[in-house]
Amino acid sequence: YAAGAGAGAFVLGESKEAVATIEDIQPYSSLTMDFWRRQEIPVPSHLGRTTVEAYTRHVIGAIAGLLKKHRSTSLHDFDYITFHQPSGYMPLKACKAMAQEKIDFSSDADVNERMRLTSADIEQKIKPWLRVLDTGNTYAASTPIAVASILDIAEPEQDILAVSYG
């Protein structure tokens with residue numbers, strides 16, 4: 001159990017001098033028992049393997065939904081990819097699932113092909129942004145913290161995919 005505290009903030013609005021633009025969003029949700037903390041209990045509880053499966057299913061579901069809307073886009077088109085980071089393990093578990101020949105939680109063969117990650121994708125586009133290894137689990141702040149780290153070095157016209165969960 002590793003917890004951290006952190007925050008990430010962005011100013012959103014229209015500007016010709018904007019550092020970045022949000023091109024699209026894709027919600028994905030389901031009714032899933034996963035992770036909770038009861039009142040006056042200091043440590044959260046979770047349903048074991050269900051947590052890993054729920055995380056992976058929702059990350060893949062959100063990406064699949066985005067790729068269904070953008071039929072000419074694949075994960076290879078993104079310069080940087082980051083996920084919600086409750087641990088170093090969970091994002092890499094999602095990566096492993098998306099590196100398989102058959103990607104669970106998505107039944108669209110075309111989307112699966114465009115979603116498939118290579119070892120090089122994981123090493124170059126994802127692992128450098130695992131801020132959880134430095135900060136611990138900052139919960140909902142983990143994705144904005146990772147995006148801020150990417151924006152610190154990204155060049156104009158580079159594309160970032162950020163997938164949150166929670």
Side-chain angles (χ1 to χ4, degrees), residues 1-10 20 22 25-67 74-106 111-112 114-154 158-166:
Y1 176 75
F10 301 98
I22 297 173
I25 62 170
Q26 178 61 46
Y28 182 89
S29 64
S30 71
L31 181 57
T32 303
M33 287 294 293
D34 178 24
F35 193 85
W36 69 95
R37 188 178 64 134
R38 291 194 172 143
Q39 188 173 345
E40 299 181 22
I41 302 295
V43 179
S45 298
H46 61 85
L47 290 173
R49 298 281 315 151
T50 302
T51 296
V52 176
E53 292 164 10
Y55 174 91
T56 303
R57 181 175 68 249
H58 286 80
V59 166
I60 289 173
I63 293 170
L66 193 66
L67 295 178
S74 78
L75 292 189
H76 303 295
D77 297 329
F78 292 94
D79 300 288
Y80 307 97
I81 301 171
T82 190
F83 304 122
H84 172 71
Q85 300 174 23
S87 66
Y89 168 78
M90 299 277 269
L92 295 178
K93 183 73 173 171
C95 290
K96 182 178 178 182
M98 289 185 286
Q100 302 302 311
E101 185 64 34
K102 180 186 179 302
I103 299 176
D104 290 335
F105 311 119
S106 175
V111 167
N112 286 354
R114 292 182 290 120
M115 189 179 349
R116 189 163 295 108
L117 292 170
T118 65
S119 296
D121 290 331
I122 296 166
E123 291 297 322
Q124 296 166 10
K125 298 179 180 188
I126 298 166
K127 280 188 176 180
W129 315 115
L130 288 177
R131 299 279 56 98
V132 67
L133 303 176
D134 304 319
T135 63
N137 184 357
T138 58
Y139 296 87
S142 70
T143 304
I145 288 170
V147 170
S149 296
I150 293 168
L151 289 173
D152 283 343
I153 60 94
Q158 289 188 311
D159 293 316
I160 302 167
L161 174 65
V163 183
S164 196
Y165 170 77

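All values below were derived from every heavy atom in this structure, side-chain atoms included, with hydrogens, water molecules and symmetry-related copies excluded.
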How many angstroms lie between [atom1] in [X] and [atom2] in [Y], if you round to the nearest 0.5 Å?
X: Ile160; Y: Thr82; atom1: CD1; atom2: OG1; answer: 9.5 Å
X: Ile81; Y: Leu161; atom1: CD1; atom2: CG; answer: 5.5 Å
X: Thr118; Y: Lys125; atom1: OG1; atom2: NZ; answer: 7.5 Å
X: Thr138; Y: Arg131; atom1: OG1; atom2: CZ; answer: 11.0 Å
X: Cys95; Y: Leu117; atom1: SG; atom2: CG; answer: 5.5 Å
X: Lys102; Y: Arg116; atom1: NZ; atom2: CZ; answer: 11.0 Å

With sequence neighbours left out, what residues match Glu123 under side chain to side chain donor-acceptor pair (under 3.5 Å)?
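Per chain and number, Glu123 pairs via side chain to side chain donor-acceptor pair (under 3.5 Å) with Lys127.
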Can a donor-acceptor pair be found, under 3.5 Å and without considering hydrogens, that links the side chain of Gln158 to the backbone of Asp79?
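Absent.
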For Phe83 and Ile63, what are the C-alpha separation, side-chain angles and deciding distance, and is it a side-chain contact (heavy atoms from CB on, under 4.5 Å)?
CA-CA 11 Å; Phe83 304 122; Ile63 293 170; 3.8 Å; yes
Give the C-alpha distance, both sets of side-chain angles, the deciding distance and a yes or no for side-chain contact (heavy atoms from CB on, under 4.5 Å) between Met90 and Val52.
CA-CA 7 Å; Met90 299 277 269; Val52 176; 3.7 Å; yes
Might you point out which heavy atoms bring [X] and [Y] nearest each other, and give the distance in Å?
X: Ala97; Y: Ile60; result: CB-CD1, 3.8 Å
X: Gly8; Y: Ala141; result: N-CB, 4.2 Å
X: Ala20; Y: Leu151; result: CB-CD2, 3.9 Å
X: Val111; Y: Ser106; result: CG1-OG, 4.2 Å
X: Leu133; Y: Gly88; result: CD2-CA, 4.1 Å
X: Ala162; Y: Val147; result: CB-CG2, 3.6 Å

Dump the intermediate steps for side-chain contact (heavy atoms from CB on, under 4.5 Å) on Asp159 and Asp77, then the final yes or no.
CA-CA 8 Å; Asp159 293 316; Asp77 297 329; 5.6 Å; no
Run the numbers on His58 and Thr32 for side-chain contact (heavy atoms from CB on, under 4.5 Å), then give the verdict.
CA-CA 10 Å; His58 286 80; Thr32 303; 3.5 Å; yes
How about Ile153: does its CD1 atom have over 12 heavy atoms from other parts shown lying under 6.0 Å from it?
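Atom CD1 in Ile153 is packed in, count exceeds 12.
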Specify whether Tyr55 and His84 have parallel, tilted or perpendicular ring planes, treating 30° as the upper limit for parallel and 60° as the lower limit for perpendicular.
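Aromatic pair Tyr55/His84 classed tilted.
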